[in-house]
Every structure is written in C-alpha cells, then in structure tokens.
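Chain naming here is simple, since letters A, B, ... match the order of the sequence lines and numbering starts at 1 in each.
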Amino acid sequence: MFDVEPIIADHKDVIHDVVFDYYGRRMATCSSDQTVKIWDEDGQGKWNVTSSWKAHSGSIWRVSWAHPEFGQVVATCSFDRTASVWEEVIGEKVSSTNTPTRRWVRRTTLVDSRTSVTDVEFAPKYLGLLLATASADGIIRIYEAPDIMNLSQWPVQHEISNKLPLSCLSWNTSTYMVTQLLAAGSDEAATPTGKVFLFAYSENSRKCVKIDTVNDITDPVTDVAFAPNAGRTFHMLAVASKDLYIVNLRGVTDATDISKLDIQTIKFSEHNCPVWRVCWNMLATMLISTGDDGCVRLWRMNYNRQWRCAAVLKAEGSGPTYEPAPPTPTLATTASATAKFYKKGTIGNQVPWH
Amino acid sequence: MPDSVEDTSTISLRICLEGHANALALNKDNNQIALAGRSLLKVYSINSNGFTESCNMRGKNQNLSYSANDVAWSTLDSNLLATAATNGVVSVWDLSKFGRQKQLLVYNEHERTAHTVTFHSSEPNILISGSQDGTIKCFDIRSDKSINTYFCNSESVRDVKFSPHTQNIFSAVSENGTVQLWDMRKWDKCMVQFTAHYGPVYTCDWHPTRNWLATGSRDKQIKVWNMDGRPGLEHTIHTIAVVGRVKWRPERTYHIASCALVVDYSVHVWDIRRPYIPFASFNEHTNVTTGIAWQGSDSHCLLSISKDSTIYKHAFKDATRPALKANAQGASLGRFGDISFANKIKEYEPKTSGASNTKSSSFIRRKTNVAGSIQFHLDHSKMYKFMVNDTFSGYPLSESVSRPTQEHESFIGCARELVISGKKLSELCEHNAEVSKKYGKHNATTLWNFIKLFYGSNHFEPPFEHRSSFSNQKNPMNSRRATQVASDWPQQRTELGQDLNGNTPETAHEIDVANVDDDTLGSSGVEHPPTSSVILSETQIISEITFDNFELLRNGFIYVGPTECPKALAFPALHHDVQAARPQLDLKASDHEKSPPPHVPTVLKVSHVPPIPMWEPHKFVSDALMLMNDVGDVQTALTVLIALGEARKLLPIDDALVEHWFYTYVDQLHRYELWNEACEVINRSWLRSVQQLNQHSTAMHTNCGECGRPMGGKVGWYCDKCKSMQSAKCCVCGLIVRGVYAWCQGCSHGGHIEHLQKYFAKHSKCPKCGHLCAYS
C-alpha cells in the first residue's frame, strides 16, 4: 500500500520534471517558472529544498543528473533555446546552523540550438561525461566534456538531423550486443509515420547515425525511457504516447556480421488517456506511467514474461479526470489480475483500484 | 464573411527587393499596410490570397529622408502617412497625389535619428515624433513648423504613444529606463515620471480598454503598469530576449504580443496572468522580427515583418502552443520504491447558463476558449510522494507470509546475506535457499534447492560407472536389479516431466537391458551404494515438491502449461501421476517373470552392452538462470553461477552474457551503496575484465605538507626534500601519526582521523594554513 504525502513545491508554474539522482538521495525539479529546485532528504524521510535558483529565461523542460563520479552536476534545457550545465559548490559554513552553504554555479551554456531544447540527458558512465540534447527542430546534439575537472568546455561531438521535431530522448545504459544506443521520440501530430527513432554510433562512418525506427508507434510521443541495466539479453524501452508501449530491442548479427535490431512492440491501453511520463525503478523490474487523468500506474513483469498493471495510484485532491472511469468488467479484470499476482508473492505493494 | 475567409489562411509574401522593413502600420480600414525601412517605403493592399503592392514612394530615390525608422497612418484619413527617418526628418505623405507631390510636408527639426512617429487619436492634423536627441516634437500638418517641443532631460526617446483613454495625453519611454506621461498642452513639464526598467525601454503600448501601459525593455521584461493615479506595476513577463515590440491583443484583456530585438525570431503572445510561458508562438520567421500589428480589431490575425525581408499574416489557429506541448507531469521512482509525482492541476471555468443575449454571447466565447485561455493562466502543479506502507490491507494475507517484503529490501538483504563461497556447494545452496525464502523470493528458493539436488551430491556420476562395470560381472542378482530399475523409474519420470506415453519406449529399453543382464552377473557388494543413493535422491525430490512449489514449478521452471491452472487441479494431477506409476511397475514385474523361460535355450548372445546415458540438467539449469535474468533477477542468476564454482563450465551460457551480468549486478550494488558486497562479487569473478574493476584507481599520490613536493621516495611518509618526517605529524596534536592518517587533498595537511573529526566539527579551515578544507 502506498501512502500519499503532498510536497510543498512552491513552484509558481507547472512542474515539468522530477528526477532522482543516481543514489536516490537527492531530487531535482524544474518548472515553467524558470527555476530549478534541489531537494535533499532528511533523516525522517522528508524532502527539503536546499537550493533554488533561476536557471533560464524560459520554461525549463528537463533536468538530468550526471553520474556522481563526476561530482554533483545537473544539466537543464529550456524554452529559451539553451541548455546549461550546473555544478554544486560548497562554501563557508553558516554560523547559525553550522552547515556549509551550497551554491549551484553555471559551468556552461550550450547555445547551438535555434529552437526550444526539449530534452537533455547525460550519457551512461562508461561513455565518459557526455551530454545529449534534443531540439524542437529535430536536431540531436551530443556534447562531451574532454576534461571533467573543467566543465566549461563542451564541444559538439555529433549532430544528427531529423525531419520531425523531437520531444524526448533516452540513453541506453546496457552494452549487450549494441553500444551507444540512443532513442528519441517526436511529438509531431500531423504525419502518420513512426515516431520513435533509434540512433547508434557507427564505426564505419565515425559518427552517430539513425539505425532504425519503431513503426508501430505513430501517435505523438511525449516520453521515452530505456530500462536501466538489468543484465537482460534484450533492451527494453518504454514509450509514452496516446497509449503506453514497451519496446523490446534485441541485437542480432546476421550472416554478413552486420548488427541489426529485432524490434518487438507491446501496447497497453489501460490508461484511456494520453500518457505523459514513464520511469523505471533502479532494478529495472518495475515501470510507472502517468496519464492525463492524474493517476500513476505500476507495471511489473510476471514469470511468463508478460507485463501487467499491478497498481493504480491516484493523489487526493486531483481535478476531474480526463475521461470517465472504465466500465466494471475492466475493473474486475484488473482486480483479478492484481489478486493473481499477489498469490505468487512477487508483488507486495498492490492497491485495489477504486 | 471575407474575414472568415481570411481567418482560415496563413499566407507568406517575400519581399526580395530593397531590403527589409523596420516598421509597419495599418490604415483605419485595416485593408492596407505601409512598410518602412532603410531602403523601402511601400504600401500594400491586403487581399484574401496575399498582398499586392499599391504604392511605392521610394522608387529609385536615394534621399536619406526616405530611410524610415517608423511609419504611422492617420487615424482618420486613409491617405495620410507619416514617417520618421534615420536622419531626423519627419515626412508627411499624401497618397492621393502623384509623383513628387506625394511628399506633402518635410519637417527637418530633429538633430538626430527620429525613432518614432504617431498621429493623434482624435485630431486629424496633429502628430508627434520622438528622437534620439531627447526631444519630442508636436506637428500640425497645416503648418510647416513644429508647434511644440517637449524636452525629456536629454535622454533619447524610443517610443511615444497617445493614450486612447485620456484626451491629449501621451506616454514617452527613454533609454534610461524611465517612462514619462505628458499632457500635449503643457510642454514645460511632464505630468508623471517613473523608472520602469533597469535598462533602456524600447517600446510601449496602451491597453485598448483599460488604463494600462505595457513597456518592453532590454532587461528582457515586459511590464504592465496601471496608470490610474500613481503608476503601479500590475504584471511582469519574463521573456527570452531583449523586447523589441509589444502590442496588446484586441478583444482579449490579458493577451499581449511581443517580439525581440535580437536572438529570438519568434513572435510570442503572452497571457499576463501567467508570465512564464507564452500562450502562443509564431515561429515562421528566419531572422529577427522587426514589427508586429494586429489587423484592426481582429484578434485572430497578426501581421509581422522581419529582417529576412518577409511579411507574414498569421492566423491565430496555426500558432504553436508551447504550454500544450510541454510535458505536464514529472515522475520518478526512488531507491526504496517511493514515487515522486508532480501533476498539473487543470482548472475549468464553471459553466454558466444565461438567458440574455449578452450572457449567451459570453457563454459561447467562454466555451470556445475553455481549453485555451481560461485553463491556461490557472495552470499549476501539485507534487506528491507515494511512500510504500509496511501495513498491508485490503487483501487476505496468507498465513505463511507475515509481511510482504519490498523489492529493494529483498535486493539489499539478499546481497548481504547470500553466501557464494567458502563452503561445500550443498551447504551454500541450503543457506541461500533459506535466505531467499526469508525475503520472499520463492522462485529463487526453488532454484537453489534444485542446484543443491543436481550438483550438491558427490554420487552424480559414479552410478553410471558402476553400471558399466556391473555389465562385466557374471553373477545373477535378479531381485536387486529389479529394485534398482524400479528406483530409477519415478526419478526419471519426475525429472523429465514427460507424460505417460512418452515413457513407453523407455520401458521397453529397460526391459531389454534387464534381459541382457541375465547373462551377466554382479556382486552384491558393488550394487549396494548406488542403489541407496538413487533411493535417497527420489526421497529428496518428493519432499521438495510441496504444494506451493509444485505450482511454481509448473509455471516457472519444469512445466510450462496453462498459466491460469488453479491450485485445486494441481493436486489431483499429482495424485494421478503417482497412481500412474504403479501399473507400470506391476507390468514390468509381470514381464520379468515371463522372460526367463523363452531365453533358457540361450539363443541370443550380446557381446557389448551400450551404456545408458544419464539425463544432464545443465541445459535446464541454464534456461532457468536465463529466465530469472529476463524477469529482472540478475542477482539470483549471478550468485548461482558463482556458487557453482567449477561446475558452471557445464552450463551452456555465453561468456559475454555472464560478463554483462557481472557489470549489471555491480552497478546495482553501487546504486544502493553496497560497496563491500560489490567488491566481493568482483573478486569472485573468473573473467579478467571484471576482476580488473578492483584494480582501478588504487594509486594514491601524496604531497609533502611542508614544501608541497610529491613524495617520491620509497617511504611514504618521509620527504626527500625536507629531509624530515614533519609532514607525517598530526596538525592538531603535533605527534607522528601511527595508524589511519587522513589529510586534505587541497592543502596536503592532515593528521589523526579522530583529531581531525573533532577539530572540523567546530571549524571549517585547516588548522595549519587556514585553507578552506572540504570537510563538512
């Protein structure tokens, strides 16, 4: 069972992203009111704002934590066409509270984009300190900090152009059979083509190229998320669109030793409304998705390798739902599925759907 | 009707000749537009399908008086235009004349660039202009000289606008950030003056229905001032770049359009009640937008000109809505299974029912905008945290489960308590099965039990050898052979998981072997150990197939059948298997009794006995590990592999995949800060690439605290340059450190770790040199 506890965020506009850091001890939020807030957890599990600063001249869309091996570094991207890299600096101790002051200093501003930067994400650790940005004009740029002690220099390593505007981006942290895999989604609503693109580094042409497109997802995509490294022989990508999709990508090598991707797409329609965010847990065994109705759904894989909706969480005080609730048979089915999963002991935190 | 036709189209007209326009103006009928630039001065007619040029005042004329910064159309006469030129000349044009006579009047009174010009809102003959020389001049087109001059304290005037609410009142904005309010009839002193921005103010615009003034500045802000009485700041909009132009949107009280002077090419329409994100944006221009205008009172049509030499007429329905495209929610899963969730709260206007026409019209308008402006400015987010509660309610609890264990607790607990080395394999498996059971990983428990069964016994292969040697013996032992065969029978059935029909050929094979064995004999002493071992294995199998495990076995490991098989059916199936085993035994005994008589004549002789291959569980165990990995339990898969020791080579698992499992598991342990467990796993690895992880970053270079040179000598605490061990002393107590020595990497000073902890609990600087050490 989940307890709901409101957090007084004090953002003056819509919050667009909530991100935990690598260890899950700190949290960053960004908002349309052009501020980023850093939250720390105290001993009783309560989140407190330790830093808040105006980061951009426009709405901040995404925030991304770097691996803690590189220090306390976050990257933000904004509607004002820039992305920034920030680093925390420890200052003098405040005499009253005996704790050091923490300031976040802007290390660099990436101004290559001509349109709104819609997503920013740090690459996995094995690639070094790498940063990828996606723009509304469909260009993906990959920056690298050659010297991790000097975060002011971020030359552009790769620039990939796409015809459709991009809305989201995700790195693959697993290196089995495919390396440097990058997924991007488009929120273009006009064309009925595939909206999820896959990019990888090509050793032959020495640059990042588009290797495939998921053609089964033709609705506007609002979020993509690769599952964390879980040791699987395939890679899982969660896609938030008009419905929730989970894409299984398996790297295969054919007779001519050319690597290809075997794509399998699974669709889930339980949301009945647009899906906004998808997020995996640290062990890549659970997926949450949030929809326009203000509910959070938990998804888990059973031992038949099938994903099931294990719980539906709704915060109290939410506004009216996007669509009316599904009819009773669906509710019964969901309850039955939940009950079944509990008997196996693999799901211990389900909540009956009200 | 023509307006509705125009609303449905967005058209673009590119002017490739003579450069870009700096300003634009519409006539009072809103069907003509005047464009003014450094090399451009034209009038276009606005049609439903484009723009057509109707007048060109410049032509080939190179006179600087024609290089206009601003253009204004008379509010009452459609033939009168006024331009402000870069050389300070203010010209009045009459479009009804021809040739050179178009230029009606030329006022050459400003000493520097004239920035702006505007007509009076009610008097047809009055116009004012603002200039870089800090003056505002008032002209009457019936006279060839200015009738008034207003001095603005020697600051450049960037924009002047007549107020539509108060007669003869106009506003002037300056480059020092001030806004002045003038009465046209009192030229000696302004009525009101206040500082509006931190930088130059470039533009201003009066609200069409309220006494509000909007100002745009280089500090990227648009400010809305209430000009009733003392000016008060009503709203502030933070834009992306330096504000170039602002225009209030007609028929929308809170909407204002703006464009930038540099960097940002878009035209944004803001709702002043939500000052952070534009309500709508037009992104067609490829260079800086220099002028914007709404087409009269039509709030759905916007005209814009740009430095890319284009003029656009935008239909509002084609605008980009950044707020609608933005992701309205944020969600993240924490390390302990808690969920942080930020959701946008939608506020809908309550629907009203009105009987009168006014209310009906208002209702219709509100309804059409319910998804837009009304919802737009009330958008905000609420943030929640879903925490995992240990008390479970709502479902009946199984008595065997006292409390559902959270997944992260299972992971951390198993990481700490699983044993992967140091004991015999059977003891490892038994201990790990208990740990898995304790943390609710029932499938892992079953897997550990099976590993113990298959690989934990030392007699796995000797029975086969005994059988081979037994075939060479000469002693007949019919009763003992029958017992051995009967013992093998249920074991093989259970392990293979085959149905009754699948075992019939095996039965025939067994009978043949028994018949052949009649010709050879074996000693009773040799037979006893293998028989006892096999019987023991059978007992273990039956004891392990408990009620719950049986279902798990069917669904997860041995038998992959219908997933919805209820428990009630599973138990009778087990009984059925047990019942089916007995007739086979009886049948075999009967056959055995019948066989000796026909073979007494010894007609058939076999010189060699083919060995019976034992069933190997390696492929099966490998598949089980792959399944555990696919559902996300890489911990169990990898620990089983490590615990197997040398026996893991029997499993057909690819080394690349095993290496992938190692990296994954180590990374997961790092996320939960289980450093010691990760180190143990790395040390247990048999792959070189994984073992090397513990060899990285182990060198520590030290500096002398006295002279700052690196300690290059063989002795780590002796400085070759200082010829002393001064740097090895504690900075707090002054004694030589024996034991754990901690130091700051910034200033190379350190000492006893306990002394430093006490010292830095109260101070933040180095006790020796005052360096701001990073201890906190």
### Message
Between B:Asp667 and A:Tyr22, is there a side-chain donor-acceptor contact under 3.5 Å, judged purely by atom types and distance?
### Response
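Checked: A:Tyr22/B:Asp667 side chains pair up, N/O donor to acceptor below 3.5 Å.
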### Query
Can you tell me if B:His660 and A:Ser174 form a side-chain donor-acceptor pair at under 3.5 Å?
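Note: B:His660 and A:Ser174 side chains meet the donor-acceptor criterion.
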Heavy-atom distances under 4.5 Å only: say whether [X] touches chain A with side chain, backbone, both or neither.
X	result
B:Gln668	side chain
B:Thr239	backbone
B:Tyr265	side chain
B:Asn283	neither

Provide the closest heavy-atom pair for [X] versus [Y] in the form atom of the first, atom of the second, distance.
X	Y	result
B:Lys220	A:Ser57	NZ-OG, 3.6 Å
A:Ile15	B:Ala342	CG2-CB, 3.7 Å
B:Phe341	A:Gly294	CE2-O, 3.6 Å

### Query
Which region of A:Trp276, side chain (C-beta onward) or backbone (N, CA, C, O), has a non-hydrogen atom less than 4.5 Å from a non-hydrogen atom of chain B, or is it both or neither?
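Contact with chain B is through both the backbone and side chain of A:Trp276.
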Between [atom1] on residue [X] and [atom2] on residue [Y], distance to nearest 0.5 Å:
X	Y	atom1	atom2	answer
A:Ser78	B:Ile240	OG	CD1	7.0 Å
A:Thr233	B:Met626	OG1	CE	5.0 Å
B:Met383	A:Thr29	CE	OG1	5.5 Å

#### Entry: Short side-chain to backbone donor-acceptor contact, A:Arg277 and B:Ala331, under 3.5 Å
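No, A:Arg277 side chain to B:Ala331 backbone: no donor-acceptor pair under 3.5 Å.
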